[in-house]
Amino acid sequence: MGDKRTLTFVLMDPPFENARTTTALRLIDLAVKRGWNVNVFAYEGAVYLGFAKQTPHENKVHGHDLETEDHPITKEWVGAILARAERTGAKVDWVQCGLCVDERGAGEWIPGLRRGSPADLVAFTEASDNVLVIATK
Amino acid sequence: MSKYVLVESRDPFESGDVPYYYDLAMSLARKGHVVTLFLVQNGVLPARQGPRSDGVSAVARSGVAVLADDFSLRERGIRDDRLAAGVQRAPLDHVLDLLGEGYKALWH
């Protein structure tokens, strides 16, 4: 399918807790790989996906130093998606729910994301070819 | 007639509402809608022949396309020769194809 599409993904899960995060970011990455435009509305714990202060850690229990452990952190995955979008011509509009950010003190995120509100989600859904809500149960 | 893609990320061993989701897929198909059930994460566990694979095979027999995420299958060591009847391996890209075609999408 070569035609450009615009998809909206609504994410709720915080990082490091559920495989839904991995699947959501896989889907977004695949869409960007196609050059499709992607809107993301991150709310509740998902506002931490791009939190700038995430830090990889070593694992002394397993005898792994930082390099061996190679701990995956979601801010790098989100950053990689944004970088891929620049190469493929996809537009990624990633909105961090402002209320969710404030109540969590999660106001520091990597470049490329922006603060927004549920009004952005309404605009996203109106402007998208399709919407997938990946909610926490 | 509408087109639906139902993504199932949970497995019936840990989540008692999975059979209801299968029922939803079959009900939509019985009403003449085009339905794909896409299994991902632990949702692929019943795609392996076993005590809980009858459910997904019944969904497939009802006319629903039942697909299982290739990555999730590989993560769990489920080979093609162990797949339950009616289940096909597919890349996650297929979900994007359906989203791009305007399928109504639900996640569970």
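Protein chains get the first letters and strands the later ones, always in sequence-line order, with residue 1 at the start of each.
Not one N or O on the side chain of B:T36 forms a donor-acceptor pair closer than 3.5 Å with the backbone of B:F38. Listed for the A:N37 side chain is no donor-acceptor partner under 3.5 Å among the backbone atoms of A:A90.
In summary, of the residues considered (A:Q96, A:K53, A:R104, A:K75), a side chain to side chain contact (heavy atoms under 4.5 Å, CB included) with A:Y48 occurs for A:R104 alone.
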Pair B:D97-A:R34, salt bridge (charged side-chain N to carboxylate O under 4.0 Å, His left out): steps then yes or no: CA-CA 11 Å; B:D97 290 339; A:R34 295 179 178 206; 2.7 Å; yes
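Using a 4.0 Å cut-off between charged nitrogen and carboxylate oxygen, B:R10 and B:E8 do not count as a salt-bridge pair.
The greatest number of non-hydrogen atom pairs below 4.5 Å with chain A, out of B:V40, B:L106, B:D69, is found for B:D69.
At a heavy-atom separation below 4.5 angstrom, chain B is approached by A:L7, A:F9, A:N18, A:A19, A:R20, A:T23, A:R26, A:L27, A:L30, A:A31 within residues 7-33 of chain A.
Relative to the ring axis of B:F13, B:R52 places its NZ or CZ within 45° and under 6.0 Å from the centre.
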